[in-house]
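A short worksheet on the structure shown next.
Keep in mind that this is a model prediction, so the values were computed, not measured. Numbers restart at 1 for each chain; the letters A, B, ... are given by sequence-line order, proteins then strands.
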Amino acid sequence: MSSWTITKWELKNTLHNRKFILIFFLQLVVLLMMVLFFSSFMEGIESEEGISLTPSLNQFASLDIYDPQNILINQLNPEILEINSNKIDIALNRLEGGDVTGVLILPSSDDFNLEEIKPVPVNLYIDYEDPKRSVIKDEVSTAQNKASSLISERWINDLTPQQEVSQPQIQEETQGEALPLQLINKVMTAVLLFLPLFLFGNLIVDSIVGEKERKTGEILIAMPLSRSNIILGKSMAVIITMALQVALWMVLMILAGYSIENPGLVYLIVVTTALPIVGLTSIIAAFSKNYKEAGIGITFAYVAIIGFLIVPALAYISQQGRYVSASTMTLAIKVFSGEPLSPGDIIVPFTSLLLISLISYYISIWLFKRDDIVFGPRPGILRLLFEFATLNKVVNYFKK
Amino acid sequence: MIKISSLTKYFGKIQALDNLNLEIKKGELLGLIGPNGAGKTTAIRIISCILQPDQGQVMVGGYDVQENPLEVKSMIGYLPEEPNLYERFRAYDLLKYFGELYGVPSGELESRIEELLELVGMKARAQHRINTFSKGLRQRIGIARALIHDPDIIIFDEPTMGLDPATSLVIRDFIESLKGDKTILMCTHYMDEADALCDRVTILNQGQILDMGSPQELKSKIHGDIILNVSLNDPSQVNLADFENMEMVEKFTLKEDKLMLSLQSRRDISRIIEFLGPNLKAVQTKEPTLEDVFIQNVANLNK
């Protein structure tokens with residue numbers, strides 16, 4: 001009952017806090033942006049052109065071209081170059097006048113027969129004072145390569161006798177995505193599902209370290225409730241906040257078109273993963289004197305937690321490693337992908353989750369019960385480890 | 001109501017309480033006075049189950065603080081030295097929160113909050129946030145918070161520390177109004193406050209009790225009934241050995257032309273005036289205060 005009172009009031013305060021509401025919705029906006037960018041990224045990968053990581057150079061440089069046989073003009077990238085077809089004298093005048101960066105001249109059909117197997121004479125005039133000249137050179141070179149390939153291919157086709165080839169009976173799979181895309185999708189979905197757990201884990205720090213920094217902890221400890229009630233009540237409030245956020249993220253992801261099978265079970269897995277994360281964070285919060293210390297501790301802890309979640313999941317996706325089931329992220333991926341589950345797939349991650357949770361809450365309560373941790377002078381980590389390992393009891397026994 | 005036996009507490013290698021023994025009767029207001037670091041706050045934190053003792057036993061209302069901390073906490077209303085309250089809370093919500101933590105039945109809680117807000121003069125500010133309050137107003141809300149569950153025992157740690165004289169007076173009047181009905185333990189640095197409010201005073205230093213008794217008893221132990229401050233025309237004419245032989249003079253000091261004499265009775269004033277004769281320039285009488293007792297006790301210890 002006492003724990004629930006703490007939970008209720010912590011939740012009430014958090015949800016009434018304007019800063020929290022602002023951060024909460026900002027996170028949702030960030031999620032939406034990630035979803036949108038990821039969708040366009042996937043569309044780019046699926047398209048024939050693929051995606052380019054080159055920064056946009058839209059109409060970066062201008063090029064006048066004389067190409068009566070259309071040898072190169074169609075191979076130049078109009079997104080990068082502003083291409084104008086002009087007669088040779090006009091084009092050269094424009095180059096001289098600084099109106100264009102380069103002029104490309106190819107032979108007319110009177111001067112050169114494309115059917116003949118010999119090099120095509122290409123003249124490129126560029127303004128050497130214009131720094132954009134290198135873009136022109138690169139683009140012309142790329143276009144030359146493309147044109148060369150096309151011409152070679154045409155010659156080879158012309159030389160090969162046409163034969164009727166019977167096509168093997170292969171039915172093309174038109175449903176589903178290519179394997180690499182499936183993997184990228186799975187990783188992205190898993191990351192987005194688990195991300196909220198790391199965004200609001202620090203609430204427990206504010207909740208516990210804040211009591212120390214604001215010195216309100218003294219009156220809270222004077223209340224008729226145990227210190228374990230305080231830790232558990234505050235942790236529960238953070239877990240409920242995270243559960244709320246995960247639910248909203250999941251709804252948004254489903255609305256954005258993410259395919260999540262068994263959403264109820266996936267939700268349960270993600271929210272259950274919050275238990276040890278909040279537990280480990282509460283150890284740091286119980287031990288830390290101030291926010292600064294807690295911040296450093298959380299950085300280390302979250303790196304370890306992310307490693308514990310993601311590494312087995314990646315090992316599972318790449319089908320390497322035998323202990324991939326230890327992570328709940330692996331389990332979530334299997335569940336939302338609709339893969340069949342073995343008992344081990346469920347027992348292993350939930351057992352590790354339960355064990356880590358129990359140990360972490362036990363340690364945080366053990367720390368918070370100590371007067372020297374809450375009121376000082378705080379002992380060193382080595383001494384605490386020594387005492388936690390009950391070696392201190394052995395020493396005291398022999399002292400007596 | 002509260003019985004402390006052989007209480008000892010260490011913070012690392014520093015001993016905060018050294019074999020402390022103390023008993024507080026039901027309905028009594030006991031003051032704990034002592035210099036900084038004397039162990040006052042440590043003692044009341046142990047009684048309030050905020051700290052755990054290293055040795056000894058503390059019984060509150062028949063319960064052991066180590067074995068039955070929840071029962072003990074339910075009986076105590078604790079006001080710490082700094083009224084550190086949750087800044088974002090409204091005054092009303094703060095009292096409701098602590099009322100729920102104390103387990104005050106929801107049917108009674110609302111009327112109890114109204115009653116306490118009225119009592120500490122904060123009814124008009126009930127819906128204001130704590131971070132808009134001055135220290136005095138916070139202290140009033142702090143007192144209301146400590147009383148929300150109508151405890152039998154109230155512990156005040158420096159209740160008027162840092163408050164202006166007018167607010168201090170309000171708080172003192174309020175504490176006085178609780179006397180008799182509640183058992184009160186109060187730490188204070190203000191000797192006049194202890195003198196005016198406490199039934200008994202305990203002087204604590206380095207975790208040990210130096211002296212204990214009613215303010216009057218303590219004052220009479222140190223200085224007798226009256227202090228005489230005399231200004232002399234010629235201090236060289238005074239032979240201090242004369243005062244050593246006078247039974248009525250309990251203590252004396254001479255600094256430049258100022259002679260301080262502690263007398264057994266007011267009746268002895270005329271005899272001293274007669275003795276000093278024309279060397280007496282001016283004379284002033286002063287009642288001994290608890291501050292004199294405190295300074296005397298601590299000064300003796302530091303000699």
Side-chain angles (χ1 to χ4, degrees), chain A residues 1-21 203 206-208 210-230 232-234 237 366 368-380 383-384 387 396 399-400, chain B residues 9-14 16 41-42 44-54 63 65 68-90 93-94 96-104 106 129-131 138 141-142 145-146 148-149 151 155 157:
Chain A
M1 184 61 191
S2 302
S3 286
W4 176 240
T5 307
I6 298 257
T7 304
K8 189 180 81 178
W9 282 89
E10 287 285 339
L11 269 178
K12 193 176 169 185
N13 278 331
T14 305
L15 299 177
H16 278 93
N17 188 334
R18 282 180 198 160
K19 281 181 198 160
F20 171 82
I21 300 291
L203 279 178
D206 185 52
S207 191
I208 295 173
E211 296 279 2
K212 292 184 199 175
E213 286 227 324
R214 293 187 293 264
K215 295 181 179 169
T216 46
E218 188 180 353
I219 49 171
L220 194 59
I221 291 170
M223 293 298 107
L225 65 158
S226 66
R227 296 197 194 185
S228 51
N229 282 149
I230 296 173
L232 294 177
K234 285 175 178 286
W366 177 76
F368 199 62
K369 275 184 176 176
R370 293 176 64 109
D371 292 343
D372 51 2
I373 294 287
V374 180
F375 296 102
R378 193 180 65 180
R383 194 182 142 194
L384 283 171
E387 289 185 22
N396 286 341
K399 270 186 183 174
K400 281 176 189 174
Chain B
K9 176 73 182 174
Y10 288 89
F11 288 109
K13 288 179 181 172
I14 298 164
T41 301
T42 304
I44 61 172
R45 279 180 171 173
I46 292 174
I47 297 167
S48 310
C49 304
I50 295 167
L51 292 176
Q52 289 165 343
D54 290 327
Y63 293 107
V65 294
N68 308 95
L70 300 188
E71 285 80 358
V72 173
K73 285 174 176 182
S74 297
M75 296 168 72
I76 294 175
Y78 173 60
L79 182 75
E81 184 178 342
E82 286 290 325
N84 299 310
L85 303 167
Y86 296 97
E87 297 283 317
R88 289 199 298 265
F89 275 72
R90 293 173 200 281
D93 288 340
L94 186 100
K96 195 174 177 195
Y97 175 44
F98 283 99
E100 286 184 15
L101 286 177
Y102 274 119
V104 178
S106 52
R129 287 187 193 278
I130 301 293
N131 58 13
R138 283 165 195 244
I141 288 295
R145 184 201 58 74
I148 190 74
H149 57 306
I155 295 176
D157 191 1

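- The residues A/Asp371 and B/Lys9 are annotated as salt-bridged, a charged nitrogen and a carboxylate oxygen being separated by less than 4.0 angstrom.
- Put simply, the side chain of B/Glu100 reaches to within 4.5 Å of the side chain of A/Trp9, judged on heavy atoms.
- Between the OG1 atom in A/Thr216 and the CD atom in B/Glu82 there is a gap of 12.5 Å [rounded to 0.5 Å].
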How far apart are the C-alpha atoms of B/Arg45 and A/Phe375, what are their side-chain angles, what is the distance that settles it, and do they pass the side-chain contact (heavy atoms from CB on, under 4.5 Å) test?
CA-CA 11 Å; B/Arg45 279 180 171 173; A/Phe375 296 102; 3.8 Å; yes
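- Among B/Glu87, B/Glu71, B/Arg145, the residue making the largest number of heavy-atom pairs under 4.5 Å with chain A is B/Arg145.
- Heavy-atom distances place no part of B/Leu79 under 4.5 Å from chain A, backbone and side chain included.
- Taking CD from A/Glu213 and CG from B/Asn84, the interatomic distance works out to 12.0 Å, rounded to the nearest 0.5 Å.
- Each side-chain hydrogen bond (donor to acceptor under 3.5 Å, both in side chains) pair with one or both residues in residues 72-81 of chain B, not counting sequence neighbours, appears once here: A/Glu218-B/Tyr78.
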Stepwise, does the side-chain contact (heavy atoms from CB on, under 4.5 Å) test hold for B/Arg88 with A/His16?
CA-CA 10 Å; B/Arg88 289 199 298 265; A/His16 278 93; over 6 Å; no
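- Contact between B/Tyr102 and A/Pro224 at its shortest, heavy atoms only, is CD2-CD, 3.3 Å.
- Neither the backbone nor the side chain of A/Asn229 comes within less than 4.5 Å of any heavy atom of chain B.
- Distance CE/A/Met223 to CD1/B/Ile76: 10.5 Å, rounded to 0.5 Å.
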- Query: Can B/Leu101 and A/Leu220 be said to form a side-chain contact (heavy atoms from CB on, under 4.5 Å), step by step?
  - Reply: CA-CA 9 Å; B/Leu101 286 177; A/Leu220 194 59; 3.8 Å; yes
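- Atom NZ of residue B/Lys96 and atom OG1 of residue A/Thr5 lie 11.5 Å apart, to the nearest 0.5 angstrom.
- The OH atom of B/Tyr86 sits 9.0 Å away from the CG atom of A/Asn13 when rounded to the nearest 0.5 Å.
- Residues B/Phe11 and A/Gly376 share a closest heavy-atom pair of CD2-O, 3.7 Å.
- If you tally non-hydrogen atom pairs under 4.5 Å between each of A/Asp372, A/Ile221, A/Ile219 and chain B, the highest count goes to A/Ile219.
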